[in-house]
Each structure stands twice: as structure tokens, then as C-alpha cells.
Participant: 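My structure is below; once you've seen it, I'll send some questions.
Count residues from 1 along the sequence.
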Amino acid sequence: SSGINAEYGDYTSGQKSYSDTVNFKVEGIDLQSVKGIEGFPLSSTSIKIIWLAPSVDVDGYNVYNATSNELISTVTNTEVTVDRLLPATDYSFQIQAYATNTKGAFSRTFVVHTDVGVPDPVSKLDCLNKNGKAVLTWH
């Protein structure tokens, strides 16, 4: 938000006065698309996306799945963690800044690949002798 002093007065008499500072927020400004987007896997099922804020004040950011155009998250900072994803999968995203009554342009589409999943540990490991040969079984 910015502040200005508003001038008012009786101009015919040459008298002028000034108001106190008036704070305002510009609406309907042309928001740029966010830049500097990076994404990286946190695990086989989650990723983190970070980006640079535009040069104008914004209220927050919408994060979209670029393939389905589904809104995934709305955040007020310049990062988001997306989870409940599939291992070893490419995901496409776009970020959109917004301010009151204004939405910015969509960012470029970018792709993040989740890590390969690691299988759960083996349980109930047994070694059996079957006709002189070792046979391993597990659950």
C-alpha cells in the first residue's frame, strides 16, 4: 500500500490545506507472471516448489496442476509443498499471482519428477530346506 496527501481548500481565496496521509491499495494493476520457479522432490510422494515474487505487491499465489488446470493450493508466501503424489512420476505446474480483484498471468509450465519409491522392509523372512535347497519366503 502507498500513502499520499490529498490537497483541498478554497481555491478562490488562495487558501489551501492538506489532509492527513491517506493509505490506499491499487486494484486492477497488471500483475506479472512469477519467475524463477524451481521444483524438487522431497520424497517419492511429495515435492517442493519455490519462486520469486513479482515486483508489485500481491496478496498470494494460486498453484495449479497444469495438466488438469486444477487449483492445488493457494498460499501467501513464495513456496508450496505438494504431497500425496505417485513415485517416479512427472507433474506439471503453473503459478499465478493474485491481488484484490486481479489475477496475474500464469507462469510458464514447469515439470517436477518425484523420486523413485523405496519398497517397505521385508517382514517374516523364513529360510526353508526344500529337498536340500534353501528357499526364502517373506511377506
Participant: Which residue pairs pass the side chain to side chain donor-acceptor pair (under 3.5 Å) test with at least one member in residues 123-135, sequence neighbours excluded?
Facilitator: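 Side chain to side chain donor-acceptor pair (under 3.5 Å) check on residues 123-135 returns no pairs.
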Participant: Considering only heavy atoms from C-beta outward, does the side chain of Ser33 approach that of Trp51 to under 4.5 Å?
Facilitator: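 Side chain of Ser33 against side chain of Trp51, heavy atoms only: no contact under 4.5 Å found.
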Participant: Indicate yes or no for a side-chain donor-acceptor contact from Thr67 to the backbone of Asn65 under 3.5 Å, with no hydrogens or angles considered.
Facilitator: no
Participant: Provide the closest heavy-atom pair for Thr109 versus Ala66 in the form atom of the first, atom of the second, distance.
Facilitator: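 Where Thr109 meets Ala66 most closely, the heavy atoms are CG2-CB, 3.7 Å.
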Participant: Kindly write out the residues that satisfy salt bridge (charged side-chain N to carboxylate O under 4.0 Å, His left out) with Lys35, not counting sequence neighbours, or none if the list is empty.
Facilitator: none
Participant: A side-chain contact here means heavy atoms from C-beta on lying under 4.5 Å apart; do Asp90 and Val112 qualify?
Facilitator: no
Participant: My understanding is that a hydrophobic cluster links ILVMFWY residues whose side chain heavy atoms are under 4.5 Å apart, including indirect links. Using that, what else belongs to the cluster containing Leu71?
Facilitator: Tyr64, Phe106
Participant: Scan for salt bridge (charged side-chain N to carboxylate O under 4.0 Å, His left out) pairs involving residues 63-85, sequence neighbours excluded, and state none if there are none.
Facilitator: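 Of all non-adjacent pairs touching residues 63-85, those that pass salt bridge (charged side-chain N to carboxylate O under 4.0 Å, His left out) are Lys48-Glu79.
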Participant: Side chains of Thr114 and Ser44: closer than 4.5 Å at any heavy-atom pair?
Facilitator: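 Thr114 vs Ser44: side chains apart.
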Participant: Honestly curious: do Ile50 and Val111 fall in one hydrophobic cluster under the side-chain, below-4.5 Å linking rule?
Facilitator: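 Different clusters: Ile50 never reaches Val111 through Ile, Leu, Val, Met, Phe, Trp or Tyr contacts under 4.5 Å.
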Participant: Please give the remaining members of the hydrophobic cluster of Leu128, linking ILVMFWY side chains under 4.5 Å, ordered by chain and number.
Facilitator: none
Participant: So Val80 and Phe93, do their side chains get closer than 4.5 Å, heavy atoms only?
Facilitator: no
Participant: What's the separation between atom CD1 in Ile95 and atom CG in Leu52, rounded to the nearest 0.5 Å?
Facilitator: 11.5 Å
Participant: Starting from Leu136, walk the hydrophobic network (Ile, Leu, Val, Met, Phe, Trp, Tyr; side-chain heavy atoms closer than 4.5 Å) and list everyone else you reach, by chain and number.
Facilitator: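 Taking Ile, Leu, Val, Met, Phe, Trp and Tyr as members, Leu136 shares its hydrophobic cluster with Val122, Leu125, Trp138.
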Participant: Shortest non-hydrogen contact from Leu86 to Tyr91?
Facilitator: N-OH, 2.8 Å
Participant: So, Thr100 and Asp59: side-chain donor and acceptor under 3.5 Å apart, yes or no?
Facilitator: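 Side-chain D/A pair, Thr100 to Asp59: present.
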